[in-house]
Amino acid sequence: MSAKILDGKAIALELRESIRIEVDQQVAKGNKAPGLAVILVGEDPASQVYVRNKKIACEKAGFNDVSMVLPAETTQAELLAKIDELNADDSVHGIIVQLPVPAHIEPEELIERIDPAKDVDGFHPYNMGRLATRLPKMAPCTPHGVMTMLAKTGIQLRGLNAVVVGASNIVGVPMALELLNARATVTVCHSATVDLAQKVSEADLVVVGVGIPMMVKGDWIKEGAIVIDVGINRTEEGRLVGDVEFDVAKEKASWITPVPGGVGPMTIATLLQNTLKAAYSLK
């Protein structure tokens, strides 16, 4: 068998179109357009590309983009003051600090300083805690985008044996919580996991986000499993690949995400979705 492709570009486009329609309707009622502030500190090339893509997505969705690029030498105190300013600005509905930040900056303090109602990345301990207690408000964008993609398969997640490879606060942990809330049986694997191949081979659903090119081998995948590859890596030859050995895995999986064009577009679309919710108090 050859897997069906979960086309993140197409799903994200559909979501972004629905967001644009909602924004147009809200503005027609006299409400403000959603405002999204992305704070970029320094000149990390990958972050610059990501912020530029977010800016384009904001414009297409009818959002007000109030992103800012600050010098790499910006201090922690200056960043906290900028967040306070944005928290108090009622034209700004979403605030994110683009990671990574320079080494002298403490990102956790910045994230905790953001008003949880404007934490559209979903990283504030308040929002992570609500997700853990099955009362989500602002769910982290990448895992929630994955859940949107999984819904498109029409497969019932309840009771599935799911393995999440990677335990970061950005992907792995909130992904496991999302799947638990969907009533899947979840195993989280990480660098200390013994016999990772065996764990993966038993999974009906595998979500991988470790940032290591093709770390999960295609022959580990169970026949008919769903494979979600969150990773995106550039090889020495300049080719973009995921964390899963795609060419082999696709011959065993029932559904699989490509890299690029899989999970990536869903992260930005879900960021817009969270900002829309924050602007208009939508559920």
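Keep in mind it's a predicted model, so treat the numbers as computed, not measured.
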Original post:
Any sub-3.5 Å donor-acceptor pair from R234's side-chain atoms to R239's backbone N or O?
Top reply: no

**OP:** For the pair S254 (side chain) and G224 (backbone), establish whether a donor and an acceptor sit closer than 3.5 Å, ignoring hydrogens and angles.
**Re:** yes

Original post:
What distance separates T257 OG1 from I228 CD1, expressed to the nearest 0.5 Å?
Top reply: 5.0 Å

Original post:
Is it true that E17 and R20 make a salt bridge, defined as a side-chain N closer than 4.0 Å to a carboxylate O?
Top reply: no

Original post:
Is there a donor-acceptor pair closer than 3.5 Å between any side-chain N or O of K54 and the backbone N or O of L271?
Top reply: no

**OP:** Taking all heavy atoms of M147 and all of A182, pick out the closest pair and write down the distance.
**Re:** CE-CB, 3.9 Å

Original post:
Can you get from M68 to V66 by hopping between Ile, Leu, Val, Met, Phe, Trp and Tyr side chains that sit under 4.5 Å apart?
Top reply: yes

Subject >> Side-chain donor-acceptor pair present, E106, Q76, cut-off under 3.5 Å >> reply: no

Subject >> More than 12 heavy atoms from other groups under 6.0 Å of NZ on K137 >> reply: no

**OP:** Using modelled atom types only, decide if a donor and an acceptor are shared between the side chain of Q156 and the backbone of R158 within a distance under 3.5 Å.
**Re:** yes

**OP:** Identify whether V227 and L6 are in the same connected component of the hydrophobic contact network (ILVMFWY, side-chain heavy atoms under 4.5 Å).
**Re:** no

Subject >> Verdict with supporting geometry, D7 and K152, side chain to side chain contact (heavy atoms under 4.5 Å, CB included) >> reply: CA-CA 10 Å; D7 187 343; K152 292 294 184 180; over 6 Å; no

Original post:
Should we count CD of E43 as having more than 12 external heavy atoms under 6.0 Å?
Top reply: no

Original post:
If we only count heavy atoms from C-beta on, is the M215 to V165 side-chain gap below 4.5 Å?
Top reply: yes

**OP:** For residues K199 and T193, determine if any side-chain heavy atom of one lies less than 4.5 Å from a side-chain heavy atom of the other.
**Re:** yes

Subject >> Donor-acceptor pair, side chain of H190 and main chain of G166, under 3.5 angstrom >> reply: no

Original post:
side chain to side chain contact (heavy atoms under 4.5 Å, CB included) between E202 and N161: does it pass, once the steps are laid out?
Top reply: CA-CA 8 Å; E202 296 171 351; N161 181 15; 4.0 Å; yes

Subject >> Minimal non-hydrogen separation, I221 against A249, with atom names >> reply: CG1-CB, 4.0 Å

Subject >> Criterion side chain to side chain contact (heavy atoms under 4.5 Å, CB included) against D243, the qualifying member of V207, D229, I232 >> reply: D229

**OP:** For the residue pair D89 and E85, establish whether any side-chain heavy-atom pair is separated by less than 4.5 Å.
**Re:** no

Original post:
Are the side chains of D119 and D115 in touch, meaning some heavy atoms are under 4.5 Å apart?
Top reply: no

Subject >> Full working for side chain to side chain contact (heavy atoms under 4.5 Å, CB included) between Q48 and V51 >> reply: CA-CA 5 Å; Q48 288 178 327; V51 169; 5.9 Å; no

**OP:** Give the cluster check for W255 versus V263: same hydrophobic cluster or not, with ILVMFWY residues linked at side-chain heavy-atom distances below 4.5 Å.
**Re:** yes

Original post:
With distance as the sole test, does N127 use its side chain to make a donor-acceptor pair with the main-chain N or O of A139 at under 3.5 Å?
Top reply: no

Original post:
Applying the 4.5 Å side-chain criterion to the ILVMFWY set and letting contacts propagate, would I170 and V41 be lumped into a single cluster?
Top reply: yes

**OP:** Could you please spell out the steps behind the salt bridge (charged side-chain N to carboxylate O under 4.0 Å, His left out) verdict for D90 and K32?
**Re:** CA-CA 10 Å; D90 64 6; K32 294 179 181 177; 3.1 Å; yes

Original post:
Between T74 and I105, which heavy-atom pair has the shortest distance, and what is it?
Top reply: O-CD1, 3.5 Å

Original post:
More than 12 heavy atoms of other residues, nucleotides or ligands under 6.0 Å from NZ of K82: is that the case?
Top reply: no

Original post:
Is there a donor-acceptor pair closer than 3.5 Å between any side-chain N or O of Q198 and the backbone N or O of D195?
Top reply: no

Original post:
Is the shortest heavy-atom distance from the side chain of N274 to the side chain of C141 under 4.5 Å?
Top reply: yes

Subject >> Check: E178/H144 side-chain N/O donor and acceptor closer than 3.5 Å >> reply: yes

Subject >> Hydrophobic cluster membership, V146 vs L13, 4.5 Å side-chain cutoff >> reply: no

Subject >> Nearest non-hydrogen partners of P100 and D44, listed with the distance >> reply: CD-OD2, 4.4 Å

Original post:
Any donor and acceptor pair, going by atom type alone, linking the side chain of K118 with main-chain N or O of V92 inside 3.5 Å?
Top reply: yes

**OP:** Taking all non-hydrogen atoms of both residues into account, name the closest pair between L272 and F63 and its distance.
**Re:** O-CZ, 3.5 Å

Subject >> Side-chain touch P107/L99, heavy atoms, less than 4.5 angstrom >> reply: yes

Original post:
Which distance, rounded to the nearest 0.5 Å, do you find between the CG of N181 and the CG of L157?
Top reply: 11.5 Å

Original post:
Can you name the nearest heavy-atom pair linking F123 to M128, along with the distance?
Top reply: O-CG, 3.9 Å

Original post:
Under 4.5 Å between any side-chain heavy atoms of R113 and L110, yes or no?
Top reply: no

Original post:
Does any N or O in the side chain of Q98 come within less than 3.5 Å of the main-chain N or O of L40, such that one atom is a donor and the other an acceptor?
Top reply: no

Original post:
Short question: side chain of D204, backbone of L160 - any donor-acceptor pair under 3.5 Å?
Top reply: no

Original post:
How about V97 and I83: do any of their side-chain heavy atoms sit closer than 4.5 Å?
Top reply: yes

Subject >> V206/I226 under side chain to side chain contact (heavy atoms under 4.5 Å, CB included): CA gap, chis, key distance, verdict >> reply: CA-CA 6 Å; V206 183; I226 305 167; over 6 Å; no

